[in-house]
Structure formats: structure tokens, C-alpha cells
Amino acid sequence: MSKAISIIIPTYNEGGNIVPLVGRINKAMSAYDYEILFVDDDSKDDTAANVEKLSKTYPVRIVVRKNERGLASAVVHGILNTTGQKVLVMDADLQHPPEVIPSLVKALEDGADIVVASRYVEGGGCQEWGLFRKLVSRVSTIIAHVFLPPTRSVNDPMSGFFMFDRKVVENAKLQPRGYKILLEILMEGEFKKAVEVPYTFVTRDQGESKLNIKQQLEYIRHIYSLMRRKGELWRFIKFCLVGASGIGVNFGIFALLTRVGGMKETDFLALAIATEVAIITNFILNDIFTFRDRRSSGHFLTRLLKFNVICVAGALVQAGVYALLYHAIGIHDLVSYLIGIIIATLWNYLLNTWITWR
Ligand code: UDP
Ligand code: MG
């Protein structure tokens, strides 16, 4: 008979973690009708043997994949090979404390479609993470939030510990790659309500992490793939094209004011007027071209005002980056200038997708 909750746990060489993991899950879940499916990437240790032993006492089983690899595809494999209406995904290495699971179930029962165990809400966190890993995680999260707007429904879209109602993925075309299957589900799944429950990502005790630089690059490729599929890449390109057109407007107005309009080329007002006109034409183009589908996010004039403030601040950011790189650090002037433009463009895109066209 079908269980109510299917717990999917990808494994690769997690032999030492299986027994304590199953024990703790069983204790936390004693009140629920659940099963555990381990999806194994052909471990070289006693992972499978340990699961087999436990299957005599607990509702656990394992499928060993011989030809396929990878965390995200393992989860999809697990989804296809279970039937529980509620699906939970977690790691095998006890970094995701099983004691948190009942609060995920509760949130789902209370009406959420997706529940994410989150490091980035009040009460959540990471145990003993170095500054570098923290930074990498934060930057990766910001990248997802900026370029894939639906991921903004949660603070921790990179979490590997989450639960959802099976209907969320029923019609989803999941293309699993890399590590971050939640990203894929948030982008391709159908849901109304996503909520987060805090948890602390615990330091690994047994076995070792399989996360490496290759996975980080795979993450960028995954973001790119989702952007392409969801039209967000084209949106970003449109934003850059509009920005480039603004340079032409800016230049043209400045030339007009100083050559025809009789203003002096040293006159700050000429620069200010030319810049402001370019900001306004950029706004109009972005509003009808880049963010056509998001114009309901506020009154036209409110959007214009927000865009204006963000772009002026962006110009200051660009000047600041230039001052820092060229004057303070001594990097080549044109390189410094180019980096300033890139950072200001990202700044403008980030804040405008966040604030102006939500
Ligand atoms: N894992 C897997 N296949 C892989 C890599 C990892 O099934 O190719 C499993 C691993 O056994 C663990 C989970 O995915 O249960 C998370 O991996 P890991 O702990 O290495 O990642 P980290 O926590 O360091 O991000
Ligand atoms: Mg881990």
C-alpha cells in the first residue's frame, strides 16, 4: 500500500551515516505513515548493505543506479519511484537534522505546496561554516534571486532539504542537473504557497562532502539553462540592449545641447539633462519591451521614480568602482572603467527587477 510520505535520500558513499540517520528519522516520524527511498550512485562502501539490513525493521529500500550520476537526477529518480502524496528530500549525511521533518510536514498540512528547511530565515543558520563558504552560498543565492525571479518566493532556494506536495511536479518538465534540484522545482513546478522553516545546517561528521568546484560551475550552467528556458535570459539581454541605446541618447542630447543649444561643454547641467533624458528613454523602453509582463507592479510614475533613483545611484556606483580600481588600486583605466560599467549594469538590473518591476 502507498505510504503518505515518501522520503527521498540520495547517497554516495554514506555507509557510516545510514544507521544513525534511519534511527533518527524513525524516531522523529513515529506518528506518520512514511517510507524512505535511498537513491544510490553505486557507492563503493557498505551503503547498500546497511540499507538492506535495516529494511527488515524499517520502511526503507534502496535503488542503486549504475549508469546515472548526480544529486539532482537522483532526486528525480526518487520522485518517479515513489508514490507518497507528500515528498521529502534530504541529504544522507545528517547535515539535515531529521528532527526538523515534523515541522515541514506540519507546514504542508497547513496549506503550503512547498516547504523549504531554510538556513536563511530567523532561527536558521550554518554550524561552523567558514567565511568563504558562507560568502559563496550567499552570492549563489543572490544570483538565483536576481536572474530567476520565481526563486524569490524563498530565502534559501539552494536548500537541499525540502518537502512538497506531489502535485507541484506532476506536470513539470524537470531537467535535473548539478546539485540544486529545489531551484528546478521552484522554476518548473506549479505552486501557490511556498514557506520556510528554519534549521541549522550541521557540520558533517561521517564521510566527506562531494561538493567541489565542478559543482559550482555546474550551478552557473544550471542558472543559465533555467534562464534560457524561462525567458529570463532574453529579458536580461533586452535590458542590456536598452542600456546600450541609452548611451546613444545620452551622447546625442549632450552633443545637441552643447553644439546647437549653446550650452558649454563644461556645464554640469548639460551632463545632467543628457543623463536624465537617457534614463527616461531607458525607462520607457524597458517598461514596454523588457518588463512588459510586470507593469502591474506599481503606478507608471512610481515605477519611473524608482527606476530613476536606482539608475542615478548606479551611476554613483560606477564612479565609485572606477575610483577604487583606478585611483586606489591602480588597475588600467579602461579596464577599471569597463568593470565599473558591468557592476553598474548588474546593480541596475538587480534593483530594478527587485523594486521597480517586481
Ligand atoms: N550525493 C549523491 N550523488 C553525488 C553526490 C552526492 O547522491 O554525486 C549525496 C551525498 O551522499 C549526500 C548528498 O548528496 O547525501 C549531499 O552531498 P554532500 O554532502 O557531498 O554535499 P554538501 O553537503 O557538502 O553540499
Ligand atoms: Mg553534505
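Counting starts at 1 for both ligands and their atoms, in listed order. It should be emphasised that the depicted structure is a prediction, and the values quoted were computed from it without experimental measurement.
- With respect to atom 19 (O) of ligand 1, the closest heavy atom belonging to the protein is D93 OD2, 2.6 Å.
- Remark: ligand 1 and E208 share no N or O pair separated by less than 3.5 Å (distance only, no angle test).
- No part of F38 comes within 4.0 Å of ligand 1, judged by heavy-atom distances.
- Interface of E14 with ligand 1, defined as ligand atoms under 4.0 Å from a residue heavy atom, comprises 10 (C), 11 (O), 12 (C), 15 (O).
- Separating the CD1 atom in I36 from the CG atom in L54 is a distance of 8.5 Å, to the nearest 0.5 Å.
- K27 has no carboxylate O lying under 4.0 Å from a charged side-chain N of E99, or vice versa, which leaves the two without a salt bridge.
- The existence of a salt bridge linking K66 and D42 is confirmed by a sub-4.0 Å separation between a basic side-chain nitrogen and an acidic carboxylate oxygen.
- Residue side and main chain included, Q95 places an N/O/S atom under 2.8 Å of the Mg ion (ligand 2).
- Residue contacts with ligand 1: F201 is placed with no nitrogen or oxygen under 3.5 Å of a nitrogen or oxygen of the ligand (distance criterion only).
- Considering only residues two or more places apart in sequence or on other chains, E196 meets the salt bridge (charged side-chain N to carboxylate O under 4.0 Å, His left out) condition with none of them.
- Residue contacts with ligand 1 for R69 are absent, since no atom lies close enough (heavy atoms, distance under 4.0 Å).
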Test log, rule side-chain hydrogen bond (donor to acceptor under 3.5 Å, both in side chains), inputs Q85 and D165: CA-CA 6 Å; Q85 188 59 37; D165 191 295; 2.7 Å; yes
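- Side-chain contact of S225 with R221: a donor-acceptor pair under 3.5 Å is absent, judged by distance alone.
- Between the side chains of E208 and N13, no donor-acceptor pair is found at a separation under 3.5 Å.
- The protein heavy-atom contact nearest to atom 9 (C) of ligand 1 is P10 O, 3.6 Å.
- Not a single N/O/S atom of D91, whether from backbone or side chain, sits less than 2.8 Å from the Mg ion (ligand 2).
- Distances below 4.0 Å separate heavy atoms of D91 from the following atoms of ligand 1: 13 (C), 15 (O), 16 (C), 23 (O).
- Ligand 1 places these atoms under 4.0 Å from at least one heavy atom of A92: 15 (O).
- Looking only at atom types and distance, the side chain of T353 has a donor-acceptor partner in the side chain of R152 under 3.5 Å away.
- Comment: D293 engages R235 in a salt bridge, judged by a side-chain N to carboxylate O separation of less than 4.0 angstrom.
- The single protein non-hydrogen atom nearest to atom 20 (O) of ligand 1 is K210 N, 2.4 Å, given as residue, atom name and distance.
- In summary, E170 and K167 do not engage in a salt bridge, as defined by a charged side-chain N under 4.0 Å from a carboxylate O.
- In D93, the N, O or S atom that comes nearest to the Mg ion (ligand 2) is OD2.
- For atom 6 (C) of ligand 1, the closest heavy atom belonging to the protein is Y179 OH, 3.6 Å.
- Among all protein heavy atoms, the one lying closest to atom 14 (O) of ligand 1 is L71 CD1, 3.1 Å.
- If you look at R133 next to ligand 1, the close heavy atoms, those under 4.0 Å, all belong to the side chain.
- Heavy-atom proximity to R204, at under 4.0 Å, picks out these atoms of ligand 1: 18 (P), 19 (O), 20 (O).
- Within 6.0 Å of the CG atom in L131, the count of heavy atoms belonging to other residues, nucleotides or ligands does not exceed 12.
- Shortest contact from atom 23 (O) of ligand 1 to any protein heavy atom: Q95 OE1, 2.8 Å.
- Nearest to atom 3 (N) of ligand 1 among the protein's heavy atoms is D41 OD2, 2.8 Å.
- Taking a cut-off of under 4.0 Å to the non-hydrogen atoms of Y12, the atoms of ligand 1 that pass are 2 (C), 3 (N), 7 (O), 11 (O).
- At a cut-off of 3.5 Å, with distance as the only test, a side-chain donor of R65 or S73 sits close to an acceptor on the other residue.
- W357 and D287 form a side-chain donor-acceptor contact under 3.5 Å, judged by distance and modelled atom types alone.
- Contact annotation: for S209 versus ligand 1, heavy atoms closer than 4.0 Å belong to both the backbone and the side chain.
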